[in-house]
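The structure appears right after this line, and notes come after that.
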Amino acid sequence: MRKQLSLIPFLLLGACTVGPNYAGPPKAIGSAATPPAGFARADNTLATTAPAVADWWTTLNDPMLTWLEERALASNPNVAVAQARLKQARASLRLERANQAPNANASATYLHADLPALDLGGGQREGEGQGGANGGAAGGSGSGSGGGTSVDFFNLGFDASWEIDLFGGRRRTVEAARASAAAAEANVADAQVSLSADVAQAYVGLRDAQQRLILAREASRMQRDTLKLTEQRFANGTASQLEVERLRNQVESTDAQILPLSSSVETYLNALAILIGEAPGTLDQRLTQVGPVPLPPAQVAVGDPTALLQRRPDIRAAERNLAAQTAKIGVAEAAKFPRLNLMGIIGIGGTSLDALTDLDNLVTLGAPMLQWNVLNFGRANARVGQAEGARDEAEARYRGAVLAALRDAEDSLSRFRARRNTVATLARAKASADRSAVLMQQRYRAGAATLIDTLDAERQRVAADQSLSQAVAGLTNDYVALQKALGLGWRAPTGT
(Lines give C-alpha, C1' and ligand atoms only; values in the text may rest on other atoms or scores of the structure.)
Protein backbone atom coordinates (compact mmCIF):
# COMPACT_ATOMS: atom_id res chain seq x y z
CA MET A 1 0.00 0.00 0.00
CA ARG A 2 2.83 2.38 0.86
CA LYS A 3 4.39 1.71 -2.54
CA GLN A 4 1.13 2.47 -4.31
CA LEU A 5 0.70 5.72 -2.41
CA SER A 6 4.18 6.80 -3.42
CA LEU A 7 3.04 6.83 -7.09
CA ILE A 8 0.16 9.25 -6.47
CA PRO A 9 2.24 12.46 -6.85
CA PHE A 10 3.46 11.27 -10.23
CA LEU A 11 -0.02 10.34 -11.39
CA LEU A 12 -1.35 13.72 -10.30
CA LEU A 13 1.23 15.33 -12.55
CA GLY A 14 -0.58 13.68 -15.44
CA ALA A 15 -3.09 16.50 -15.28
CA CYS A 16 -0.35 18.97 -16.24
CA THR A 17 -0.21 19.97 -19.91
CA VAL A 18 2.68 22.14 -21.00
CA GLY A 19 2.73 24.43 -24.01
CA PRO A 20 0.37 27.23 -25.07
CA ASN A 21 -3.35 26.59 -25.31
CA TYR A 22 -4.86 27.52 -28.66
CA ALA A 23 -7.15 30.51 -28.20
CA GLY A 24 -8.67 30.69 -31.66
CA PRO A 25 -7.60 32.52 -34.82
CA PRO A 26 -5.76 35.81 -34.36
CA LYS A 27 -6.81 39.22 -35.61
CA ALA A 28 -5.98 39.24 -39.29
CA ILE A 29 -7.35 42.50 -40.76
CA GLY A 30 -4.98 45.27 -39.77
CA SER A 31 -6.25 47.37 -36.90
CA ALA A 32 -9.82 46.08 -37.24
CA ALA A 33 -10.83 43.42 -34.75
CA THR A 34 -13.60 42.10 -37.02
CA PRO A 35 -14.22 42.07 -40.78
CA PRO A 36 -16.26 44.92 -42.28
CA ALA A 37 -20.04 44.66 -42.09
CA GLY A 38 -20.45 44.50 -45.86
CA PHE A 39 -18.50 44.24 -49.09
CA ALA A 40 -17.11 47.53 -50.32
CA ARG A 41 -17.65 46.70 -54.03
CA ALA A 42 -21.20 45.36 -53.72
CA ASP A 43 -24.10 47.45 -55.02
CA ASN A 44 -27.80 47.41 -54.26
CA THR A 45 -28.46 44.74 -56.90
CA LEU A 46 -26.70 42.11 -54.75
CA ALA A 47 -28.51 40.47 -51.85
CA THR A 48 -26.86 40.34 -48.45
CA THR A 49 -28.60 37.07 -47.63
CA ALA A 50 -26.33 34.07 -47.09
CA PRO A 51 -25.79 32.03 -50.27
CA ALA A 52 -26.24 28.28 -50.39
CA VAL A 53 -22.90 26.56 -49.88
CA ALA A 54 -23.41 23.53 -52.11
CA ASP A 55 -24.65 23.16 -55.68
CA TRP A 56 -24.48 26.84 -56.63
CA TRP A 57 -24.38 25.82 -60.31
CA THR A 58 -28.07 24.90 -60.19
CA THR A 59 -28.80 28.66 -60.21
CA LEU A 60 -27.64 28.68 -63.87
CA ASN A 61 -30.56 26.36 -64.77
CA ASP A 62 -28.56 24.19 -67.17
CA PRO A 63 -29.18 20.43 -66.73
CA MET A 64 -26.07 19.52 -68.73
CA LEU A 65 -23.86 21.66 -66.49
CA THR A 66 -25.44 20.08 -63.40
CA TRP A 67 -24.71 16.61 -64.78
CA LEU A 68 -21.10 17.54 -65.48
CA GLU A 69 -20.64 18.97 -61.99
CA GLU A 70 -22.00 15.85 -60.33
CA ARG A 71 -19.80 13.59 -62.43
CA ALA A 72 -16.73 15.70 -61.71
CA LEU A 73 -17.28 15.73 -57.95
CA ALA A 74 -17.67 11.95 -57.99
CA SER A 75 -14.76 11.07 -60.30
CA ASN A 76 -12.18 13.86 -60.50
CA PRO A 77 -8.66 12.64 -59.52
CA ASN A 78 -7.72 15.85 -57.70
CA VAL A 79 -10.68 15.51 -55.35
CA ALA A 80 -9.81 11.84 -54.89
CA VAL A 81 -6.27 12.85 -53.87
CA ALA A 82 -7.63 15.27 -51.26
CA GLN A 83 -10.04 12.61 -49.97
CA ALA A 84 -7.19 10.08 -49.68
CA ARG A 85 -5.17 12.58 -47.65
CA LEU A 86 -8.17 13.12 -45.41
CA LYS A 87 -8.39 9.36 -44.89
CA GLN A 88 -4.71 9.31 -43.91
CA ALA A 89 -5.16 12.22 -41.50
CA ARG A 90 -8.12 10.57 -39.81
CA ALA A 91 -6.17 7.32 -39.48
CA SER A 92 -3.28 9.25 -37.92
CA LEU A 93 -5.68 10.74 -35.39
CA ARG A 94 -6.96 7.28 -34.45
CA LEU A 95 -3.37 6.08 -34.11
CA GLU A 96 -2.41 8.91 -31.77
CA ARG A 97 -5.48 8.28 -29.65
CA ALA A 98 -4.57 4.61 -29.45
CA ASN A 99 -1.02 5.50 -28.42
CA GLN A 100 -2.43 6.97 -25.19
CA ALA A 101 -3.63 3.54 -24.08
CA PRO A 102 -1.43 0.84 -22.53
CA ASN A 103 0.48 -1.49 -24.82
CA ALA A 104 0.12 -5.23 -24.10
CA ASN A 105 1.65 -8.37 -25.62
CA ALA A 106 0.98 -12.05 -25.04
CA SER A 107 3.32 -14.88 -25.98
CA ALA A 108 3.43 -18.64 -25.91
CA THR A 109 6.70 -20.59 -26.21
CA TYR A 110 7.63 -24.24 -26.63
CA LEU A 111 11.30 -25.23 -26.64
CA HIS A 112 12.84 -28.63 -27.29
CA ALA A 113 16.60 -29.18 -27.17
CA ASP A 114 18.87 -32.22 -27.40
CA LEU A 115 22.04 -31.53 -25.39
CA PRO A 116 25.29 -33.57 -25.31
CA ALA A 117 26.51 -35.23 -22.14
CA LEU A 118 28.36 -32.93 -19.74
CA ASP A 119 31.49 -34.04 -17.88
CA LEU A 120 31.26 -32.45 -14.41
CA GLY A 121 34.65 -33.74 -13.21
CA GLY A 122 33.31 -36.31 -10.77
CA GLY A 123 31.64 -38.33 -13.47
CA GLN A 124 28.26 -37.12 -12.32
CA ARG A 125 25.96 -35.83 -15.06
CA GLU A 126 23.33 -33.29 -14.49
CA GLY A 127 20.13 -34.42 -16.11
CA GLU A 128 17.71 -31.77 -15.19
CA GLY A 129 17.61 -28.20 -14.07
CA GLN A 130 15.45 -25.16 -13.61
CA GLY A 131 15.59 -21.83 -15.45
CA GLY A 132 13.40 -18.97 -16.56
CA ALA A 133 12.62 -16.95 -19.66
CA ASN A 134 10.14 -14.32 -20.72
CA GLY A 135 9.10 -13.70 -17.17
CA GLY A 136 8.16 -17.39 -16.63
CA ALA A 137 9.64 -20.40 -14.93
CA ALA A 138 11.88 -22.74 -16.87
CA GLY A 139 12.70 -26.34 -16.38
CA GLY A 140 14.22 -29.31 -18.13
CA SER A 141 13.80 -33.02 -18.08
CA GLY A 142 16.44 -35.36 -19.42
CA SER A 143 16.18 -38.68 -21.14
CA GLY A 144 18.01 -40.37 -23.92
CA SER A 145 20.79 -42.77 -24.73
CA GLY A 146 24.51 -42.17 -24.64
CA GLY A 147 24.32 -39.90 -21.61
CA GLY A 148 22.74 -37.02 -23.59
CA THR A 149 19.96 -34.80 -22.28
CA SER A 150 16.65 -33.94 -23.94
CA VAL A 151 14.96 -30.77 -22.66
CA ASP A 152 11.35 -29.61 -23.13
CA PHE A 153 10.21 -26.17 -22.02
CA PHE A 154 6.72 -24.62 -22.04
CA ASN A 155 5.96 -21.00 -21.23
CA LEU A 156 3.05 -18.54 -21.35
CA GLY A 157 3.83 -14.87 -20.88
CA PHE A 158 2.04 -11.54 -20.81
CA ASP A 159 3.64 -8.11 -20.63
CA ALA A 160 2.19 -4.59 -20.62
CA SER A 161 3.62 -1.10 -20.65
CA TRP A 162 2.05 2.32 -20.25
CA GLU A 163 3.63 5.72 -20.53
CA ILE A 164 2.01 8.11 -18.06
CA ASP A 165 1.39 11.40 -19.85
CA LEU A 166 2.92 13.48 -17.08
CA PHE A 167 3.23 16.74 -18.99
CA GLY A 168 0.63 16.35 -21.72
CA GLY A 169 2.92 15.50 -24.63
CA ARG A 170 0.59 12.72 -25.78
CA ARG A 171 -2.47 14.92 -25.37
CA ARG A 172 -0.85 17.68 -27.39
CA THR A 173 0.00 15.14 -30.10
CA VAL A 174 -3.65 14.08 -30.28
CA GLU A 175 -4.68 17.74 -30.35
CA ALA A 176 -2.35 18.40 -33.28
CA ALA A 177 -3.56 15.31 -35.14
CA ARG A 178 -7.18 16.35 -34.62
CA ALA A 179 -6.49 19.81 -36.04
CA SER A 180 -4.57 18.32 -38.97
CA ALA A 181 -7.51 16.05 -39.78
CA ALA A 182 -9.84 19.05 -39.77
CA ALA A 183 -7.43 20.88 -42.09
CA ALA A 184 -7.43 17.89 -44.44
CA GLU A 185 -11.22 17.94 -44.42
CA ALA A 186 -11.18 21.62 -45.35
CA ASN A 187 -8.72 20.84 -48.15
CA VAL A 188 -11.23 18.39 -49.62
CA ALA A 189 -13.84 21.15 -49.61
CA ASP A 190 -11.35 23.56 -51.19
CA ALA A 191 -10.64 21.06 -53.98
CA GLN A 192 -14.39 20.79 -54.59
CA VAL A 193 -14.74 24.58 -54.78
CA SER A 194 -11.94 24.86 -57.35
CA LEU A 195 -13.25 21.89 -59.34
CA SER A 196 -16.83 23.16 -59.56
CA ALA A 197 -15.56 26.52 -60.82
CA ASP A 198 -13.24 24.87 -63.38
CA VAL A 199 -16.06 22.72 -64.74
CA ALA A 200 -18.45 25.66 -65.03
CA GLN A 201 -15.89 27.90 -66.74
CA ALA A 202 -14.91 25.16 -69.20
CA TYR A 203 -18.60 24.56 -69.98
CA VAL A 204 -19.27 28.27 -70.49
CA GLY A 205 -16.19 28.49 -72.70
CA LEU A 206 -17.48 25.56 -74.78
CA ARG A 207 -20.93 27.07 -75.28
CA ASP A 208 -19.43 30.47 -76.08
CA ALA A 209 -17.02 28.99 -78.65
CA GLN A 210 -19.84 27.00 -80.25
CA GLN A 211 -22.05 30.09 -80.48
CA ARG A 212 -19.29 32.27 -81.89
CA LEU A 213 -18.36 29.56 -84.40
CA ILE A 214 -21.92 29.57 -85.75
CA LEU A 215 -21.94 33.38 -85.93
CA ALA A 216 -18.51 33.43 -87.61
CA ARG A 217 -19.72 31.03 -90.28
CA GLU A 218 -22.83 33.12 -90.80
CA ALA A 219 -20.74 36.28 -91.06
CA SER A 220 -18.44 34.58 -93.56
CA ARG A 221 -21.40 33.56 -95.70
CA MET A 222 -22.79 37.10 -95.74
CA GLN A 223 -19.41 38.59 -96.53
CA ARG A 224 -18.94 36.16 -99.41
CA ASP A 225 -22.35 37.15 -100.79
CA THR A 226 -21.38 40.81 -100.54
CA LEU A 227 -18.01 40.10 -102.18
CA LYS A 228 -19.72 38.27 -105.03
CA LEU A 229 -22.06 41.20 -105.71
CA THR A 230 -19.20 43.69 -105.50
CA GLU A 231 -17.17 41.66 -107.98
CA GLN A 232 -20.17 41.76 -110.34
CA ARG A 233 -20.40 45.51 -109.93
CA PHE A 234 -16.65 45.79 -110.56
CA ALA A 235 -17.09 43.80 -113.76
CA ASN A 236 -19.85 46.23 -114.80
CA GLY A 237 -17.69 49.22 -113.92
CA THR A 238 -19.82 50.39 -110.96
CA ALA A 239 -17.40 49.40 -108.22
CA SER A 240 -13.69 49.90 -107.73
CA GLN A 241 -10.94 47.35 -107.28
CA LEU A 242 -10.34 48.85 -103.82
CA GLU A 243 -13.86 47.89 -102.70
CA VAL A 244 -13.33 44.35 -103.94
CA GLU A 245 -10.02 43.98 -102.10
CA ARG A 246 -11.43 45.37 -98.89
CA LEU A 247 -14.29 42.89 -98.92
CA ARG A 248 -11.95 40.03 -99.83
CA ASN A 249 -9.78 41.00 -96.83
CA GLN A 250 -12.85 40.88 -94.56
CA VAL A 251 -13.73 37.42 -95.84
CA GLU A 252 -10.22 36.14 -95.24
CA SER A 253 -10.13 37.65 -91.75
CA THR A 254 -13.44 36.06 -90.82
CA ASP A 255 -12.40 32.69 -92.23
CA ALA A 256 -9.19 32.91 -90.21
CA GLN A 257 -11.30 33.07 -87.03
CA ILE A 258 -13.22 29.88 -87.82
CA LEU A 259 -10.35 27.40 -87.42
CA PRO A 260 -9.23 28.70 -83.98
CA LEU A 261 -12.85 28.62 -82.80
CA SER A 262 -13.16 25.00 -83.95
CA SER A 263 -9.97 24.19 -82.08
CA SER A 264 -11.31 25.96 -78.97
CA VAL A 265 -14.44 23.81 -79.06
CA GLU A 266 -12.31 20.66 -79.09
CA THR A 267 -10.05 22.01 -76.35
CA TYR A 268 -13.01 22.69 -74.05
CA LEU A 269 -14.43 19.24 -74.80
CA ASN A 270 -11.10 17.71 -73.80
CA ALA A 271 -10.96 19.79 -70.63
CA LEU A 272 -14.46 18.78 -69.55
CA ALA A 273 -13.71 15.11 -70.19
CA ILE A 274 -10.59 15.24 -68.03
CA LEU A 275 -12.39 17.14 -65.27
CA ILE A 276 -14.98 14.37 -64.95
CA GLY A 277 -12.25 11.74 -64.96
CA GLU A 278 -12.71 10.49 -68.53
CA ALA A 279 -10.49 10.33 -71.60
CA PRO A 280 -10.59 13.16 -74.19
CA GLY A 281 -13.31 12.58 -76.76
CA THR A 282 -15.72 10.92 -74.34
CA LEU A 283 -18.09 13.90 -74.29
CA ASP A 284 -17.97 14.78 -78.00
CA GLN A 285 -21.31 13.20 -78.91
CA ARG A 286 -23.08 14.32 -75.76
CA LEU A 287 -22.04 17.98 -76.17
CA THR A 288 -22.03 18.28 -79.96
CA GLN A 289 -25.50 19.82 -79.99
CA VAL A 290 -25.03 23.55 -79.53
CA GLY A 291 -26.62 25.07 -76.45
CA PRO A 292 -26.87 28.63 -75.17
CA VAL A 293 -24.48 30.14 -72.69
CA PRO A 294 -26.17 29.82 -69.27
CA LEU A 295 -27.10 33.13 -67.68
CA PRO A 296 -26.59 34.11 -64.02
CA PRO A 297 -29.69 34.67 -61.94
CA ALA A 298 -31.18 38.15 -61.70
CA GLN A 299 -30.62 38.22 -57.94
CA VAL A 300 -27.25 37.11 -56.55
CA ALA A 301 -26.78 36.41 -52.83
CA VAL A 302 -23.32 37.27 -51.51
CA GLY A 303 -23.75 37.46 -47.73
CA ASP A 304 -21.16 39.42 -45.75
CA PRO A 305 -17.39 39.23 -45.13
CA THR A 306 -17.75 37.58 -41.72
CA ALA A 307 -19.72 34.67 -43.17
CA LEU A 308 -17.24 34.50 -46.05
CA LEU A 309 -14.28 34.00 -43.71
CA GLN A 310 -16.13 31.29 -41.82
CA ARG A 311 -17.21 29.53 -45.00
CA ARG A 312 -14.14 29.53 -47.26
CA PRO A 313 -12.37 26.16 -47.00
CA ASP A 314 -8.87 27.55 -47.58
CA ILE A 315 -9.24 29.87 -44.58
CA ARG A 316 -10.56 27.04 -42.41
CA ALA A 317 -7.61 24.88 -43.49
CA ALA A 318 -5.16 27.68 -42.63
CA GLU A 319 -6.79 28.16 -39.22
CA ARG A 320 -6.67 24.44 -38.42
CA ASN A 321 -3.03 24.28 -39.48
CA LEU A 322 -2.34 27.12 -37.05
CA ALA A 323 -4.06 25.14 -34.28
CA ALA A 324 -1.98 22.06 -35.13
CA GLN A 325 1.29 23.98 -35.04
CA THR A 326 0.32 25.55 -31.71
CA ALA A 327 -0.26 22.09 -30.22
CA LYS A 328 3.12 20.89 -31.50
CA ILE A 329 4.81 23.49 -29.29
CA GLY A 330 3.41 21.57 -26.32
CA VAL A 331 4.76 18.33 -27.75
CA ALA A 332 8.24 19.87 -27.94
CA GLU A 333 7.92 21.37 -24.44
CA ALA A 334 6.92 18.03 -22.94
CA ALA A 335 10.11 16.45 -24.29
CA LYS A 336 12.10 18.63 -21.86
CA PHE A 337 10.62 16.90 -18.80
CA PRO A 338 10.80 13.39 -17.28
CA ARG A 339 8.92 10.43 -18.73
CA LEU A 340 7.29 7.79 -16.51
CA ASN A 341 6.71 4.30 -17.89
CA LEU A 342 4.87 1.54 -16.00
CA MET A 343 5.83 -1.99 -17.05
CA GLY A 344 4.44 -5.30 -15.87
CA ILE A 345 5.26 -8.93 -16.76
CA ILE A 346 3.43 -12.15 -15.90
CA GLY A 347 4.77 -15.55 -16.93
CA ILE A 348 4.22 -19.18 -16.12
CA GLY A 349 6.06 -22.21 -17.41
CA GLY A 350 7.91 -25.44 -16.81
CA THR A 351 9.11 -28.67 -18.35
CA SER A 352 5.64 -30.07 -19.02
CA LEU A 353 2.23 -28.84 -20.09
CA ASP A 354 0.96 -29.47 -16.57
CA ALA A 355 3.32 -26.76 -15.33
CA LEU A 356 1.21 -24.13 -17.17
CA THR A 357 -1.60 -24.71 -14.66
CA ASP A 358 0.58 -24.74 -11.56
CA LEU A 359 0.44 -21.31 -9.92
CA ASP A 360 3.60 -22.14 -8.01
CA ASN A 361 5.45 -21.53 -11.29
CA LEU A 362 3.92 -18.05 -11.74
CA VAL A 363 6.40 -15.19 -12.05
CA THR A 364 5.26 -11.53 -11.84
CA LEU A 365 7.24 -8.36 -12.26
CA GLY A 366 6.20 -4.70 -11.97
CA ALA A 367 8.65 -1.92 -12.76
CA PRO A 368 7.93 1.83 -12.89
CA MET A 369 10.72 3.52 -14.82
CA LEU A 370 11.46 7.25 -14.79
CA GLN A 371 13.51 8.63 -17.70
CA TRP A 372 14.88 12.14 -18.02
CA ASN A 373 17.36 13.25 -20.60
CA VAL A 374 19.12 15.81 -18.45
CA LEU A 375 22.17 16.44 -20.60
CA ASN A 376 20.31 17.43 -23.76
CA PHE A 377 22.65 20.39 -24.39
CA GLY A 378 19.85 22.65 -25.63
CA ARG A 379 18.35 20.17 -28.10
CA ALA A 380 14.92 20.31 -26.51
CA ASN A 381 14.97 24.11 -26.42
CA ALA A 382 15.99 24.17 -30.07
CA ARG A 383 13.04 21.91 -30.97
CA VAL A 384 10.72 24.22 -29.04
CA GLY A 385 12.11 27.14 -31.02
CA GLN A 386 11.48 25.27 -34.26
CA ALA A 387 7.90 24.57 -33.21
CA GLU A 388 7.34 28.20 -32.29
CA GLY A 389 8.73 29.31 -35.65
CA ALA A 390 6.39 26.90 -37.44
CA ARG A 391 3.48 28.31 -35.42
CA ASP A 392 4.45 31.87 -36.39
CA GLU A 393 4.62 30.84 -40.05
CA ALA A 394 1.17 29.23 -39.84
CA GLU A 395 -0.21 32.40 -38.25
CA ALA A 396 1.23 34.56 -41.04
CA ARG A 397 -0.21 32.18 -43.63
CA TYR A 398 -3.60 32.43 -41.95
CA ARG A 399 -3.51 36.22 -42.01
CA GLY A 400 -2.46 36.13 -45.66
CA ALA A 401 -5.30 33.74 -46.52
CA VAL A 402 -7.86 36.04 -44.88
CA LEU A 403 -6.65 39.13 -46.72
CA ALA A 404 -6.40 37.25 -50.03
CA ALA A 405 -9.96 35.96 -49.61
CA LEU A 406 -11.33 39.43 -48.96
CA ARG A 407 -9.51 40.84 -51.98
CA ASP A 408 -10.66 37.93 -54.14
CA ALA A 409 -14.27 38.57 -53.19
CA GLU A 410 -14.07 42.34 -53.71
CA ASP A 411 -12.32 41.96 -57.10
CA SER A 412 -14.92 39.42 -58.22
CA LEU A 413 -17.76 41.70 -57.19
CA SER A 414 -16.21 44.61 -59.07
CA ARG A 415 -15.70 42.58 -62.26
CA PHE A 416 -19.21 41.11 -62.08
CA ARG A 417 -20.80 44.53 -61.65
CA ALA A 418 -18.79 46.03 -64.53
CA ARG A 419 -19.48 43.09 -66.84
CA ARG A 420 -23.18 43.26 -66.13
CA ASN A 421 -23.20 46.91 -67.25
CA THR A 422 -21.23 45.95 -70.35
CA VAL A 423 -23.76 43.26 -71.23
CA ALA A 424 -26.61 45.73 -70.82
CA THR A 425 -24.86 48.17 -73.18
CA LEU A 426 -24.14 45.51 -75.79
CA ALA A 427 -27.70 44.22 -75.52
CA ARG A 428 -28.92 47.70 -76.47
CA ALA A 429 -26.41 47.79 -79.33
CA LYS A 430 -27.67 44.42 -80.58
CA ALA A 431 -31.26 45.60 -80.42
CA SER A 432 -30.30 48.66 -82.45
CA ALA A 433 -28.47 46.49 -85.00
CA ASP A 434 -31.52 44.22 -85.26
CA ARG A 435 -33.77 47.21 -85.91
CA SER A 436 -31.36 48.58 -88.49
CA ALA A 437 -31.32 45.24 -90.32
CA VAL A 438 -35.13 45.13 -90.38
CA LEU A 439 -35.39 48.71 -91.64
CA MET A 440 -32.79 48.04 -94.34
CA GLN A 441 -34.74 44.98 -95.46
CA GLN A 442 -37.85 47.14 -95.74
CA ARG A 443 -35.98 49.77 -97.75
CA TYR A 444 -34.52 47.10 -100.01
CA ARG A 445 -37.94 45.65 -100.74
CA ALA A 446 -39.19 49.19 -101.46
CA GLY A 447 -36.29 49.78 -103.84
CA ALA A 448 -34.71 52.48 -101.71
CA ALA A 449 -31.59 50.49 -100.76
CA THR A 450 -29.21 48.17 -102.53
CA LEU A 451 -28.61 44.52 -101.72
CA ILE A 452 -25.09 45.40 -100.64
CA ASP A 453 -26.49 47.86 -98.09
CA THR A 454 -28.84 45.16 -96.83
CA LEU A 455 -26.04 42.60 -96.50
CA ASP A 456 -23.89 45.15 -94.71
CA ALA A 457 -26.66 45.75 -92.18
CA GLU A 458 -26.94 41.98 -91.67
CA ARG A 459 -23.18 41.77 -91.17
CA GLN A 460 -23.37 44.46 -88.50
CA ARG A 461 -26.20 42.55 -86.83
CA VAL A 462 -24.11 39.37 -86.73
CA ALA A 463 -21.14 41.31 -85.36
CA ALA A 464 -23.37 42.71 -82.61
CA ASP A 465 -24.53 39.16 -81.85
CA GLN A 466 -20.91 38.02 -81.58
CA SER A 467 -19.99 40.85 -79.21
CA LEU A 468 -23.04 40.22 -77.02
CA SER A 469 -22.45 36.46 -76.93
CA GLN A 470 -18.85 36.97 -75.86
CA ALA A 471 -19.91 39.48 -73.20
CA VAL A 472 -22.59 37.12 -71.85
CA ALA A 473 -20.00 34.36 -71.58
CA GLY A 474 -17.72 36.79 -69.74
CA LEU A 475 -20.56 37.69 -67.38
CA THR A 476 -21.26 34.05 -66.56
CA ASN A 477 -17.57 33.38 -66.06
CA ASP A 478 -17.40 36.34 -63.68
CA TYR A 479 -20.40 34.90 -61.85
CA VAL A 480 -18.59 31.57 -61.55
CA ALA A 481 -15.47 33.35 -60.27
CA LEU A 482 -17.65 35.15 -57.71
CA GLN A 483 -19.05 31.84 -56.44
CA LYS A 484 -15.51 30.52 -56.08
CA ALA A 485 -14.40 33.68 -54.26
CA LEU A 486 -17.34 33.31 -51.88
CA GLY A 487 -16.17 29.76 -51.06
CA LEU A 488 -19.20 27.97 -52.51
CA GLY A 489 -19.50 24.55 -54.09
CA TRP A 490 -18.31 22.13 -51.39
CA ARG A 491 -19.97 19.35 -49.51
CA ALA A 492 -19.08 17.94 -46.11
CA PRO A 493 -16.94 14.77 -46.50
CA THR A 494 -18.46 11.52 -45.38
CA GLY A 495 -16.84 8.75 -43.39
CA THR A 496 -14.76 8.74 -40.23
### Side chain proximity check, F39 to P305, heavy atoms < 4.5 angstrom
yes
### Message
Whether the T425 and R428 side chains hold a donor-acceptor pair (N or O, under 3.5 Å, no angle test) is what I'd like checked.
### Response
yes
### Message
Evaluate R491 against L73 for side chain to side chain contact (heavy atoms under 4.5 Å, CB included), listing each step before the verdict.
### Response
CA-CA 10 Å; R491 299 169 179 175; L73 289 173; 3.8 Å; yes
### Task
Locate the shortest heavy-atom distance separating A52 from L488; write the atom from each residue and the value.
O-CD2, 3.6 Å
### Message
Using a 6.0 Å cut-off, check whether atom CZ of R85 has over 12 heavy atoms from anything other than its own residue.
### Response
no
#### Entry: Q466, R459, R461 screened by side chain to side chain donor-acceptor pair (under 3.5 Å) with E218, the one that passes
R461
### Query
Quick one: do the T59 and Y479 side chains pair a donor with an acceptor below 3.5 Å?
yes
### Message
Given 3.5 Å as the limit, does a donor-acceptor pair link the side chain of R312 with the main chain of L309, or not?
### Response
no
#### Entry: L322 backbone acceptor or donor facing T326 side chain under 3.5 Å
yes
### Task
For residues A301 and L486, report the shortest heavy-atom separation together with the two atoms involved.
O-CD1, 4.0 Å
### Query
So, are R97 and E175 salt-bridged, with charged N and O less than 4.0 Å apart?
no
### Query
Heavy-atom count around R407 CZ within 6.0 Å, excluding the residue itself: above 12?
no
### Task
Can you establish whether the number of heavy atoms outside W372 located under 6.0 Å from its atom CH2 is more than 12?
no
### Task
Would you tell me whether R212 and S469 have side-chain atoms, one donor and one acceptor, within less than 3.5 Å of each other?
no
### Message
L413 and side-chain contact (heavy atoms from CB on, under 4.5 Å): which single residue from D478, D408, V300, L46 fits?
### Response
L46
### Task
For D255 and S220, test the side chains for any donor-to-acceptor distance below 3.5 angstrom and give the result as yes or no.
yes
